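What you see is a predicted model, and the numbers here were worked out from it, not measured in a lab.
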Amino acid sequence: MNNWLSYRYRQRLNRSNDGSNMIDNAPTSIDYAGLGIKFNDKFNIFVGKQCAAYGGIEFDLNPIEIYQYSDMIDNMSNFMTGVTLSYNPIANQQIQLQVLNSLNASTQATYGVSPEITTAKLPLVYTLNWNGNFNDIFETRWSASAMNEAKKQ
């Protein structure tokens, strides 16, 4: 859009467009739908539906380039609504702090009906991520995440 405001939107054509059973009313076919603001060369923010910044280079690939998903991608919720704050201390280094809504669907739709499982008051994902690039020879993507989807779980 310009040098400080951007958007990202990605929708897959091979997934359902029915978002009526999703909490955010966004179908699973929409991976990204959000706005980014670049405050300066060091700080950015992105708000909207986005990919969780889990660690691992294989996790951040475009799905069209993946022949077979890793276990992590295949079995985890990846695209959620929330906010990401990014800090670039030096060129080729980035630290991200992310807070996302961990529930895309209701607790019952995700886990089934069970008396032991009830929805958490704040079902959120917190992720701290470090992306590094050392002269295009050694690239890092490390993260630590905490997720709360159900009470005491």
Side-chain angles (χ1 to χ4, degrees), residues 1-89 91-112 117 119-133 139-150 153:
M1 296 173 75
N2 59 37
N3 61 350
W4 64 272
L5 182 64
S6 63
Y7 71 93
R8 184 161 186 195
Y9 182 83
R10 182 174 78 192
Q11 184 170 9
R12 298 188 216 185
L13 300 178
N14 62 346
R15 290 209 176 165
S16 170
N17 283 322
D18 181 15
S20 61
N21 62 343
M22 306 307 274
I23 289 176
D24 58 6
N25 291 322
T28 57
S29 63
I30 297 175
D31 292 342
Y32 290 94
L35 293 174
I37 299 173
K38 180 178 179 180
F39 296 109
N40 54 42
D41 289 339
K42 300 225 181 248
F43 291 98
N44 303 322
I45 188 170
F46 185 85
V47 178
K49 191 165 184 184
Q50 57 193 288
C51 185
Y54 300 130
I57 295 293
E58 77 281 354
F59 189 81
D60 197 37
L61 296 174
N62 189 331
I64 199 167
E65 298 171 352
I66 298 173
Y67 177 71
Q68 182 173 348
Y69 289 107
S70 67
D71 287 340
M72 188 169 99
I73 296 173
D74 213 15
N75 295 306
M76 291 183 72
S77 296
N78 305 326
F79 300 102
M80 299 172 244
T81 303
V83 61
T84 300
L85 299 170
S86 300
Y87 171 62
N88 305 304
N92 298 324
Q93 303 290 317
Q94 183 180 64
I95 297 169
Q96 295 179 331
L97 175 62
Q98 203 174 47
V99 179
L100 304 169
N101 181 355
S102 67
L103 288 178
N104 289 327
S106 69
T107 304
Q108 289 74 25
T110 303
Y111 299 108
I117 299 176
T119 304
K121 286 185 180 179
L122 292 171
L124 300 173
V125 176
Y126 305 94
T127 299
L128 180 64
N129 180 274
W130 170 47
N131 300 311
N133 184 332
E139 293 183 29
T140 61
R141 185 169 175 84
W142 300 78
S143 75
S145 299
M147 182 182 295
N148 185 21
E149 291 182 321
Q153 300 292 326

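A cation-pi geometry, defined here as NZ or CZ lying under 6.0 Å from the six-membered ring centre and within 45° of its normal, holds between R8 and Y32.
With sequence neighbours left out, Y9 forms a side chain to side chain donor-acceptor pair (under 3.5 Å) with Q11. For the side chain to side chain donor-acceptor pair (under 3.5 Å) test, residues two or more places apart in sequence or in another chain that qualify with S145 are T127. The side chain to side chain contact (heavy atoms under 4.5 Å, CB included) search around W130 returns Q93, I95, F134, T140, W142, not counting sequence neighbours. F39 meets the ring-ring contact (aromatic ring centres under 6.0 Å, His included) test with no other residue; sequence neighbours excluded. Under the side chain to side chain donor-acceptor pair (under 3.5 Å) criterion, N92 pairs with no residue at all, not counting sequence neighbours. Considering only residues two or more places apart in sequence or on other chains, Q96 meets the side chain to side chain donor-acceptor pair (under 3.5 Å) condition with Q94.
Taking every heavy atom of both residues into account, Y54 and R141 meet most closely at O-NE, 3.5 Å.
Although no hydrogens or angles enter the test, the distance criterion places a donor-acceptor pair under 3.5 Å between the side chain of N129 and the main chain of A53. For the pair Q98 (side chain) and V83 (backbone), a donor-acceptor distance under 3.5 Å is absent.
The pair K49-D31 does not meet the salt-bridge criterion, since no charged nitrogen lies less than 4.0 angstrom from a carboxylate oxygen.
With rounding to the nearest 0.5 angstrom, the CG atom of D41 is 8.5 Å from the CG atom of N88. Going from atom OH of Y87 over to atom CG of N44 covers 12.0 Å, rounded to the nearest 0.5 Å. Within the model, atoms OG1 of T84 and CG of L97 stand 8.5 Å from one another, a figure rounded to the nearest 0.5 Å. A distance of 12.0 Å separates CZ of F79 from CD1 of I30, quoted to the nearest 0.5 Å.
Within the 4.5 Å cutoff, no side-chain heavy atoms of V47 are placed close to those of L35. Within the 4.5 Å cutoff, the side chain of S86 has no heavy atoms near those of the I45 side chain.
In the model, N133 has no side-chain atom that pairs as donor or acceptor with a side-chain atom of N131 under 3.5 Å.
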